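Here's the structure, in structure tokens; my notes come after.
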Amino acid sequence: MIELTAEVVVAGAGPTGLMLANELALAGVDVVVLERLSARSGLSKALNLQPRTAEVLDLRGLLGRAEQRSFATVGEGHFAAIPVSYAGWDTRHPYQVGIPQGEVEATLEERLVEQGGTVLRGHELTGFVQDATGVTVTADGARVRADYLVGCDGGRSAVRRGLGLSFDGVQGRGYGVVADVVFRVAPAGVPEQWRSMRNIVASHGAGVFHTLIPLGPPGLYRLGYGDRLRRPADMRAKVTDDEIRQVVRERYGEEVEIEEIRWASRFADDSRLAQRYRSGRVLLAGDAAHIHFAAGGQGLNLGLQDAMNLGWKLAAVLRGRAPAGQLDTYESERRPVAARVMDNVATQSALIPTTAEQRAVRALVTELAALPEVQRHLSGLVSGLDVRYPAPPDAHPATGTRLPDFELEHGYASDLFHSGRFVLLTTEPAPAPHPDVTVAVVPRLPWPGVTRALIRPDGYVASTTGSTEGWIAA
């Protein structure tokens, strides 16, 4: 039995857990990541980084690394398989980065190791007990005493269950399957590179859908299929090679030949949200806090942005720069974001037609989606670019919104956030309002009439006065 102490234990070494561990390590927090798997699976799983997630990684100097591991740049998103452009948003990254989840994890773990962090693999969390001063976490072969525990351990989260929190929502009627397949003879007419969302998803009969996405190497594709109306009796049944080959024959023809099936997984279209994100010294993030159908490519992105929001707040509390109550703002900010994603996923599901009336509604929405204002609204929903956190009633309209990454004399505004600190942007020299704030003199700010703005470590505007009140302890 390994006996350890740490300031934070993160349960789960998926993208959310690794992103959170990196944020904590950047702030000098002693963090231990517990992971049940003995090695990274390397499976592709999720395939994309949305524009806001690209911005988040850029804030930490990680986007370039991720893009080196990517296989595509996709110039648009989609809402219920209706392509939507990101062009209406002020962002340097108006595209999706096509990158397998396994490569995102590799990028984040590489940085974590550079920061002195480690992942304890083969140590599945088995229980925990919290008290007034900390949390004692037990795992297979390890026991850790920590100040806080964060559950990033997926939709069947042991941490959430251990807290006794409800996971309320809607049990769907359908299912989906994803598989990475190598074709010896690929279906006729399918693209060899993923550059657009057009013709990626097709419907064949009421509720039935198919997707085929090229993953870069010749012949390698992500196959997806499912039925939104008819769920198998056993959702946990193994997806067999015969099942996949039969689906491919039925959909793409007898002449299509599969050389290899690398992995396959069945998933439900349930939608659930944790009752709370925090219970004392234990918190939840990513799929442990919310699950939904994979519509619009939002799941992995939602978790990474949870981690970005929580990381600097937890570090500030541990370093005495903020009261413990600031952790409650993690839930008050991020839980509504997840609820809104679940709503847009439900809307997308309703736009996959199963009746003549729904086909008519979809046709009308497709026409409306061609309007620039509607394009901007829908792309904002799926990309995360429209996220706005609560602000005081008398605050400037920019408060709570993301900072556009504008160009500086040398580099971009995002470069100022690589250290994970607050940044005071000012058009005139000014003293730092607090030792933990970086001051940057810039020629202009993105908002007319604003001459200074305090920006949070996650790139959102804290205030346009430069005051640290309410954000950093005196």
Side-chain angles (χ1 to χ4, degrees), residues 44 46-51 70-87 94-100 174 176-228 244 247-258 264 269 293-299 344-345 347-354 358-372 374-375 378-379 381-383:
S44 57
L47 290 179
N48 72 317
L49 301 176
Q50 291 281 0
S70 69
F71 64 90
T73 299
V74 187
E76 61 200 3
H78 78 95
F79 191 87
I82 301 169
V84 291
S85 171
Y86 304 118
Y95 53 81
Q96 296 184 74
V97 178
I99 179 172
V177 169
V178 291
D180 286 358
V181 301
V182 179
F183 289 112
R184 183 177 293 111
V185 178
V190 301
E192 295 182 359
Q193 292 184 310
W194 187 23
R195 293 290 181 261
S196 168
M197 291 307 305
R198 298 180 187 279
N199 303 319
I200 289 295
V201 183
S203 179
H204 299 275
V208 178
F209 64 91
H210 295 87
T211 65
L212 201 58
I213 300 175
L215 298 183
L220 178 61
Y221 283 79
R222 162 62 57 82
L223 171 72
Y225 62 88
D227 190 325
R228 301 306 307 278
I244 292 173
V247 168
V248 168
R249 283 195 300 270
E250 291 175 352
R251 169 65 186 92
Y252 300 106
E254 294 288 342
E255 67 277 8
V256 175
E257 297 181 23
I258 295 178
D269 59 349
F293 188 65
Q298 301 173 85
N344 88 52
V345 167
T347 303
Q348 293 185 65
S349 297
L351 290 172
I352 303 300
T354 60
Q358 288 176 332
R359 282 191 287 275
V361 170
R362 180 179 175 85
L364 176 59
V365 171
T366 301
E367 290 181 18
L368 293 173
L371 300 174
V374 179
Q375 286 265 312
L378 296 179
S379 63
L381 286 176
V382 297
S383 67

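Keep in mind it's a predicted model, so treat the numbers as computed, not measured.
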Subject >> Gap separating the CG atom of Leu220 from the OG atom of Ser44, nearest 0.5 angstrom >> reply: 8.0 Å
Original post:
Given side chains that start at C-beta, do those of Tyr225 and Val248 come closer than 4.5 Å, heavy atoms only?
Top reply: no
Subject >> Gln50 side chain vs Gly296 backbone, donor-acceptor pair below 3.5 Å >> reply: yes
Subject >> From CG (Leu215) to OH (Tyr221), nearest 0.5 Å >> reply: 9.0 Å
Tell me which donor-acceptor pairs under 3.5 Å the side chains of residues 71-79 have, and how far apart each pair is, sequence neighbours excluded?
residue, atom, partner, partner atom, Å
Glu76, OE2, Ser196, OG, 2.3
Glu76, OE2, Met197, N, 2.9
His78, ND1, Ala81, N, 2.9

**OP:** Kindly check if the number of other-residue, nucleotide or ligand heavy atoms within 6.0 Å of CD (Glu257) is above 12?
**Re:** yes
Subject >> Closest non-hydrogen atom pair, Ile258 against Arg184 >> reply: O-NH1, 4.2 Å
**OP:** Taking all non-hydrogen atoms of both residues into account, name the closest pair between Gln358 and Ile352 and its distance.
**Re:** OE1-O, 4.1 Å
Original post:
Can Leu371 and Leu368 be said to form a side chain to side chain contact (heavy atoms under 4.5 Å, CB included), step by step?
Top reply: CA-CA 6 Å; Leu371 300 174; Leu368 293 173; 4.2 Å; yes
Subject >> Any donor-acceptor pair under 3.5 Å from Ser70 side chain to Ile99 backbone >> reply: no
Original post:
Is the closest side-chain heavy-atom distance between Gln298 and Leu381 below 4.5 Å?
Top reply: no
**OP:** Quick one: closest heavy-atom pair of Arg251 and Ala202, and the distance?
**Re:** NH2-CB, 4.2 Å
**OP:** Compare all side-chain heavy atoms of Val256 with those of Val185 and state whether any distance is below 4.5 angstrom.
**Re:** no
**OP:** Look at the side chain of Asn48 and the backbone N and O of Gly297, then say whether any donor-acceptor pair between them is shorter than 3.5 Å.
**Re:** yes
Original post:
Nearest heavy-atom pair of Ser383 and Pro51: which atoms, and what distance?
Top reply: CB-CD, 3.7 Å
Original post:
Where do Leu212 and Tyr252 land on the side chain to side chain contact (heavy atoms under 4.5 Å, CB included) test, with the steps shown first?
Top reply: CA-CA 11 Å; Leu212 201 58; Tyr252 300 106; 3.8 Å; yes
**OP:** State whether the side chain of Arg362 and the backbone N or O of Leu351 hold a donor-acceptor pair below 3.5 Å, judged by distance alone.
**Re:** yes
Original post:
If you measure from OG on Ser349 to CG on Asn344, what distance do you get to the nearest 0.5 Å?
Top reply: 9.5 Å
Original post:
Are side-chain heavy atoms of His210 and Val247 found at a separation under 4.5 Å?
Top reply: yes
Original post:
For Trp194 and Leu47, which heavy atoms make the closest approach, and how far apart are they?
Top reply: CZ3-O, 3.9 Å
Original post:
Is there side-chain contact between Gln348 and Phe293, with at least one heavy-atom pair below 4.5 Å?
Top reply: no
Original post:
When rounded to the nearest 0.5 angstrom, what is the spacing between CZ in Arg249 and CD1 in Ile244?
Top reply: 11.5 Å
